[in-house]
Every structure is written in structure tokens, then in C-alpha cells.
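Data first, discussion second: the structure below is written as C-alpha cells.
Owing to the predicted nature of the structure, the values given are computational and were not obtained by experimental measurement. Values below: all heavy atoms of this structure, side chains included; hydrogens, waters and symmetry mates excluded. Every number for a ligand or one of its atoms is a count from 1 in the order of the listing.
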Amino acid sequence: MAKQAKFPTHVGVIMDGNGRWAKAHGVPRVMGHNAGMESMKRIVIAASNLGLENLTVYAFSTENWKRSTEEVSGIFKLIVKYVRSELEELIENNVHINILGQYDMLPADSVASIDRLVASTAHCTGLNFNIALNYGGRDEITRAVNELLAERLASGDASPVTEADISAHLYTGLCHFDIPDPDLIIRTSGELRTSNFLTWQAAYSELMFTDTYWPDFTPEEFEEMVRAYANRERRFGGRKEESKA
Ligand code: FPP
């Protein structure tokens with residue numbers, strides 16, 4: 001697809017519906033996540049082929065620890081599997097991986113796989129593929145505020161905290177490259193909420209929803225939504241003639 005005038009710079013995806021997909025197919029939930037990982041692989045390559053600059057997926061939230069041990073460890077095992085099977089293709093496609101979240105709390109083999117994924121794609125200059133892992137928007141903001149407080153206490157700086165200060169201390173701000181706020185957030189499976197995903201950064205994001213369960217979400221549907229973004233009018237709180245995009 002040729003890039004459009006209003007092509008999103010950053011698309012966020014809430015990959016929802018793996019569990020219901022598994023139920024509909026009469027298989028364990030972990031198999032739904034496995035099918036979800038296959039879908040994620042296809043969408044990453046589709047995003048890269050479209051020339052998208054940033055794609056962020058919500059892979060594991062700070063709230064997902066409440067699920068059964070079997071399901072949680074099944075998702076973590078998928079990370080190891082993903083890195084083993086996909087690293088070469090990601091590098092071939094020039095995909096640069098970045099993690100948003102405290103992934104050092106995951107099991108050691110998952111952490112080692114993620115470190116390898118990040119280090120081996122560090123030289124890639126194509127799509128920035130951000131994986132939100134053990135990520136929560138409120139947790140991210142709380143961490144940013146606490147870091148700011150600690151810095152200010154240490155330096156005796158009593159000046160008011162600004163929005164820019166907070167942005168700079170979020171995972172997206174601490175990253176070694178610039179991750180802009182998402183232009184578009186897509187959620188699959190018919191749920192109409194954002195569930196603590198990029199809470200600060202999504203203040204002005206366009207939202208799109210589809211009833212499709214994540215494992216059935218195709219590159220064609222993804223491309224359709226990315227194209228549909230061009231028809232959205234973004235005003236960022238201003239009047240029509242003042243709109244930025
Ligand atoms: C939400 O569906 C999905 C998740 C909590 C996990 C998503 C994980 C993957 C797609 C695999 C990621 C793999 C790597 C390598 C990062 P749900 O379980 O909440 O579905 P439900 O609402 O239908 O129960």
C-alpha cells in the first residue's frame with residue numbers, strides 16, 4: 001500500500017479475544033494464546049510492509065498476573081518460542097524491538113529470550129515494534145511520578161512538575177529512541193475499553209474496535225483500519241480550523 005497523506009505514525013493494538021477463540025474451538029486457553037501469537041507474527045510483518053514506523057502490542061498487563069498459573073506460564077513460554085522461531089525473520093525485515101514494562105519479573109528463560117530479542121534487533125532501523133509486557137498505564141505513571149520525586153528530592157528542585165517531565169519518565173520517554181503518542185489504537189474482540197493501555201499517551205488517540213477475535217484478525221483487516229484512520233478528523237481539543245493533523 002502506498003503511504004497516505006494521513007498515515008498513522010504509531011498504532012497500538014489491544015490483542016483481545018484469545019480466550020473466547022479457544023472456547024469457541026473447544027481447546028485450552030493457552031492454545032488461544034498460541035493462535036494469538038501466530039496472529040501477532042502476521043500483523044508485525046504486515047505493519048512492516050505497510051511502512052508503519054511504530055507498532056505497540058499489549059501482550060501482558062500488570063493485571064494479567066491474576067490469571068491461573070497455567071495460563072500465565074503458558075504465555076511466558078510463548079515468548080521463548082516466539083524468539084526462537086521469529087528472530088531471524090524479524091532481523092530480515094529490519095524490525096527493531098523495544099519492551100514497555102517491568103519484564104525482569106518474568107521467569108529467567110523468558111527474560112533471557114527478551115534480552116536476546118532486544119539486543120539482536122538493536123541495529124534494525126525499520127518498524128519499531130514495542131511489546132507491552134507486565135505493563136499497566138497507571139503503574140507506568142506512578143513509576144514516573146516517583147522517579148521525578150526522587151530526582152527532585154535529591155537535587156532540592158521545588159519547581160512544579162510539567163506534562164513534559166512526566167512524559168519523559170514514562171517507558172515511552174525513557175526509551176533510547178522517540179516513541180510518539182499513538183495516533184490509532186485498535187482493540188479486537190468487541191470489548192469497548194482501553195484497559196490501562198498507554199493511559200497517558202492515548203489521551204488523543206483515535207480508537208477503533210472490531211468484533212473479530214485476535215487470532216482471526218487478518219493483515220487485510222489491519223490494513224483496512226489503518227486506511228480508515230485517514231478519514232478521522234483530529235482536533236486535539238481545538239476548533240476544526242485549528243486542528244493539527
Ligand atoms: C487477551 O485475550 C490476550 C492476552 C492477555 C495475551 C496476549 C498474548 C499473546 C497474543 C501472545 C504474545 C506473545 C508474545 C511473544 C509477546 P484474553 O485472554 O483476555 O481473551 P478473552 O477476553 O477472550 O478471554
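- Gln102 CD to Arg143 CZ: the interatomic distance, rounded to the nearest 0.5 Å, is 3.5 Å.
- Proximity of Asn64 to ligand 1, defined as any heavy-atom pair under 4.0 Å, is confined to the side chain (atoms from C-beta onward).
- How far CD1 of Ile179 is from CG of Leu174: 10.0 Å, rounded to the nearest 0.5 Å.
- With distances taken over non-hydrogen atoms, the option nearest atom 19 (O) of ligand 1 out of Arg67, Met37, Arg20 is Arg67.
- Checked against the 6.0 Å centroid threshold, Phe76 and Phe60 count as a close aromatic pair.
- Residue Met40 holds the heavy atom nearest to atom 13 (C) of ligand 1 of all those in Met40, His33, Arg29.
- Listed by number with element, the atoms of ligand 1 under 4.0 Å from a non-hydrogen atom of Tyr82 are 15 (C).
- At a 3.5 angstrom cut-off on N or O pairs, Asn18 counts as close to ligand 1.
- Checking side-chain atoms of Asn98 against main-chain N and O of Asn130 turns up no donor-acceptor pair under 3.5 Å.
- Formation of a donor-acceptor pair under 3.5 Å by the Asn134 side chain with backbone atoms of Tyr103 is not found in this model.
- Judged by the shortest distance from any of its heavy atoms, Gly17 lies inside the 4.0 Å radius around the atoms of ligand 1.
- Side-chain contact check for Glu151 versus Asp157: every heavy-atom pair is 4.5 Å or farther apart.
- By the 3.5 Å distance cut-off applied to N or O atoms, Asp16 is counted among the residues near ligand 1.
- With rounding to the nearest 0.5 Å, the separation of CD1 in Ile79 from NE2 in His33 is 11.5 Å.
- When only non-hydrogen protein atoms are considered, atom 20 (O) of ligand 1 lies nearest to Gly19 N, 3.0 Å.
- Considering only non-hydrogen protein atoms, atom 1 (C) of ligand 1 sits nearest to Met15 O, 3.2 Å.
- Applying the 4.0 Å criterion to heavy atoms of Ala59 picks out, from ligand 1, the atoms 6 (C), 7 (C), 8 (C), 16 (C).
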